[in-house]
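Okay, so here's the structure we're looking at.
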Amino acid sequence: MAVITSGKTFANGEQLSASKLNQVITGATFNQADAVDGSTMTIIGGAMAVADEGIATGKIAPGAVNFSKLTDVLDEDNMSSDSATSLATQKSIKAYVDSKGITQTTGTAPYYGCRAFGSFNGTDATPITAESSGNVTSIVKNSAGDYTITLTEALPTNCSVVASAGHNGGVAYGNSVDVYTTSTTEIRMIVAQKTLGPYDPSRVSFAAFG
């Protein structure tokens with residue numbers, strides 16, 4: 001049986017008319033049993049469709065899909081395109097992570113990264129420009145030996161900060177460095193000596209981990 005059956009069958013000598021021609025189309029029927037096989041093809045809402053898992057294994061030739069045809073997969077070791085719609089290859093992800101120095105060699109204990117760091121001359125006028133830094137927006141001297149460091153990206157709430165202070169080319173004995181976070185984006189430290197009280201050292205370094 002044909003997939004489509006005409007809505008009108010003409011006999012020899014039968015007179016042709018517009019209504020009979022219209023009947024050919026409007027009266028036609030769709031023979032679903034002959035149009036689909038019940039496994040690869042089905043009928044949904046009167047339309048033919050590919051059934052779930054209807055295309056059997058082996059229908060796509062080996063090698064027909066390769067990396068060059070996958071336009072939404074990028075192999076960029078530095079992730080430079082910063083795409084919000086493309087995927088990355090396993091190789092590029094590993095290369096990017098390795099380039100950031102985030103590695104674990106042995107042991108099962110968790111490891112954490114440095115969230116912010118800096119080194120500056122405490123004798124400079126405010127605002128102080130860091131000699132080297134990461135994730136630091138500004139360094140302000142509130143008064144002698146009293147510094148506020150504002151961060152660009154917020155720290156975790158359980159972050160720990162360490163700091164040291166001294167003099168370039170010399171030894172400073174008895175330094176006391178009080179360092180604490182006043183918020184997730186601010187670190188404050190006060191440097192003092194037993195005989196001097198709060199003072200400005202020429203070398204201040206800090207790092208936040210978490």
Side-chain angles (χ1 to χ4, degrees), residues 71-210:
T71 57
D72 292 331
V73 178
L74 302 177
D75 185 28
E76 293 179 340
D77 291 354
N78 59 4
M79 306 286 186
S80 59
S81 65
D82 194 23
S83 171
T85 58
S86 298
L87 300 175
T89 64
Q90 182 186 45
K91 171 182 171 295
S92 63
I93 294 172
K94 182 180 185 302
Y96 183 79
V97 172
D98 288 348
S99 71
K100 299 301 178 183
I102 306 173
T103 59
Q104 180 170 342
T105 53
T106 59
T108 57
Y111 59 103
Y112 303 93
C114 180
R115 303 299 185 111
F117 71 91
S119 178
F120 62 92
N121 187 336
T123 66
D124 288 347
T126 193
I128 298 174
T129 300
E131 297 171 356
S132 64
S133 67
N135 192 25
V136 173
T137 298
S138 65
I139 303 173
V140 174
K141 183 190 300 183
N142 305 308
S143 59
D146 186 347
Y147 309 96
T148 296
I149 301 149
T150 301
L151 306 179
T152 306
E153 298 292 337
L155 300 174
T157 55
N158 60 346
C159 204
S160 296
V161 182
V162 293
S164 64
H167 287 296
N168 286 328
V171 179
Y173 295 102
N175 276 348
S176 170
V177 183
D178 292 328
V179 58
Y180 50 93
T181 55
T182 58
S183 72
T184 56
T185 56
E186 250 185 25
I187 297 172
R188 189 172 180 183
M189 65 176 66
I190 299 176
V191 183
Q193 277 191 330
K194 182 177 180 180
T195 57
L196 298 177
Y199 83 109
D200 295 335
S202 59
R203 170 67 62 178
V204 182
S205 299
F206 67 92
F209 297 89

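Numbers here are sequence positions counted from 1.
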Got [X] and [Y] here, is their nearest side-chain heavy-atom distance under 4.5 Å?
X	Y	answer
L87	D72	no
I93	M79	yes
F209	V162	yes
N121	I128	no
C159	T181	no
Y180	V161	no

request  = Using the test side-chain hydrogen bond (donor to acceptor under 3.5 Å, both in side chains), find all partners of S132 that sit at least two apart in sequence or belong to another chain.
outcome  =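 Checked S132 against side-chain hydrogen bond (donor to acceptor under 3.5 Å, both in side chains); zero matches.
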
task = Could I get the full list of side-chain hydrogen bond (donor to acceptor under 3.5 Å, both in side chains) partners for T148, not counting sequence neighbours?
result =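 Result, side-chain hydrogen bond (donor to acceptor under 3.5 Å, both in side chains) vs T148: N142.
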
Nearest heavy atoms of [X] and [Y], plus distance in Å:
X	Y	result
Y199	P201	O-CD, 3.2 Å
V136	F206	CG2-CZ, 3.9 Å
S205	S119	OG-OG, 3.6 Å
D75	T89	OD1-OG1, 2.8 Å
S83	S86	OG-N, 3.1 Å
S92	L74	OG-O, 3.9 Å

request  = Please answer whether the main-chain N or O of L155 pairs with a side-chain N or O of R115 as donor and acceptor at a distance below 3.5 Å.
outcome  = no

request  = Enter the distance from K94:NZ to D77:CG here, rounded to the nearest 0.5 Å.
outcome  = 10.5 Å

task = Would you give the length of the straight line joining atom CD1 of I139 to atom OG of S133, rounded to the nearest 0.5 angstrom?
result = 6.5 Å

task = Carefully, step by step, assess Y147 and F120 under the rule ring pair (Phe, Tyr, Trp, His ring centres under 6.0 Å).
result = CA-CA 11 Å; Y147 309 96; F120 62 92; 5.2 Å; yes

query = What pairs with D124 under salt bridge (charged side-chain N to carboxylate O under 4.0 Å, His left out), at least two apart in sequence or on another chain?
reply = none

task = Determine which pairs satisfy salt bridge (Lys or Arg N to Asp or Glu O under 4.0 Å) with at least one residue from residues 133-147, sequence neighbours left out, and list them in order.
result =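 Every pair satisfying salt bridge (Lys or Arg N to Asp or Glu O under 4.0 Å) with a residue in residues 133-147: K141-D200, D146-R188.
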
key: Residues forming a side-chain contact (heavy atoms from CB on, under 4.5 Å) with S183, sequence neighbours excluded   = T185, E186

key: Contacts of N158 that satisfy side-chain contact (heavy atoms from CB on, under 4.5 Å) - sequence neighbours left out   = P156

